[in-house]
Amino acid sequence: MRAFDALDGALLIDKPAGPTSHDVVDAIRSQFQLRKVGHCGTLDPNATGLLIIVLGRGTKLSEKLMSSDKVYEGTMKFGEATDSYDADGALVASLPVPPTTVEELNELARAFVGDQMQMPPMVSAIKKDGVPLYKLARKGVEVERQPRLIHIYNYRFSDYQEPFGWFRVSCTKGTYVRSLAHELGQKLGCGAHLATLRRTVSGKFDVADAIEFEQVLGLSTAELEKRVIPFLKLC
């Protein structure tokens with residue numbers, strides 16, 4: 001069996017707002033002249049936080065790493081609904097926000113805890129006949145989607161200052177947090193969208209152990225090797 005290379009493994013990146021997950025992959029592939037680079041779980045362009053990058057033979061473990069549970073922190077803005085359910089989308093409704101409290105928001109959030117079938121939003125990376133839904137959405141095309149089984153372990157608000165609420169959610173893979181924001185806004189009766197999102201945990205990995213994306217691009221190959229979690233420690 002071929003010995004593992006120092007760059008066969010995973011790299012924990014703290015992704016900034018702006019680049020797509022694929023932008024991060026492409027930049028690392030180009031910077032270090034690597035043939036095999038992938039990521040484990042897409043973050044929307046304006047989302048930040050933990051992005052697991054797999055390198056070399058580490059790409060064989062992408063499905064396993066991608067299937068892990070996730071923890072997110074973020075803010076949602078009440079009173080404004082958008083077509084993408086987040087701040088990137090076009091405003092589709094604006095309503096007065098009723099007087100509410102953190103306790104009342106948590107009461108609404110508790111209804112989401114447990115198993116549920118979640119309908120993926122049209123603005124998503126899911127593909128229909130090989131075409132990402134978000135590309136169809138940009139053309140004004142809406143297609144039928146199949147709901148997916150997800151599980152919410154915990155969903156709580158820590159603060160509320162109208163019209164913004166700060167929350168933390170623990171969930172299974174494939175959960176669209178912006179859909180949770182949209183649905184909770186509907187329950188409150190005024191609409192809402194996801195304003196900011198940060199992934200803090202994916203499986204056993206924490207963003208506290210990640211390196212900032214811009215820092216990675218400034219590393220030498222030898223320095224990068226020291227940051228890589230070896231393949232055998234990922235199994």
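In this text the structure is predicted, and so the values were computed from the model without any measurement.
Within the structure, the ring-ring contact (aromatic ring centres under 6.0 Å, His included) test picks out the following pairs touching residues 185-235 (sequence neighbours left out): F4-F231.
In this structure, D86 contributes its side chain and R178 its backbone to no donor-acceptor pair below 3.5 Å. With hydrogens and angles disregarded, a donor-acceptor distance shorter than 3.5 Å links the side chain of T59 to the backbone of G56. Of the possible polar contacts, none joining the E63 side chain to the K60 backbone as a donor-acceptor pair under 3.5 Å is found.
The pair E107-R110 meets the salt-bridge criterion, since a charged nitrogen lies less than 4.0 angstrom from a carboxylate oxygen. Salt-bridge formation is not detected for the pair R199/D44: no Lys NZ or Arg NE/NH1/NH2 atom is positioned less than 4.0 Å from an Asp or Glu carboxylate oxygen.
Residues passing the side-chain contact (heavy atoms from CB on, under 4.5 Å) test with P147, sequence neighbours excluded: M117, M119.
A continuous path of Ile, Leu, Val, Met, Phe, Trp and Tyr side chains, each step under 4.5 Å between heavy atoms, connects F167 with F78, placing both in one hydrophobic cluster.
Among all heavy-atom pairs drawn from L7 and L55, the shortest one is O-CB, 3.1 Å. Minimum interatomic distance between Y153 and T172 (heavy atoms only, all atoms of both residues): OH-CG2, 3.5 Å.
In this pair, Y85 and H182 present their aromatic rings parallel. The plane angle is below 30°, not in the 30 to 60° band.
The NZ atom of K173 sits 12.5 Å away from the CD1 atom of I150 when rounded to the nearest 0.5 Å.
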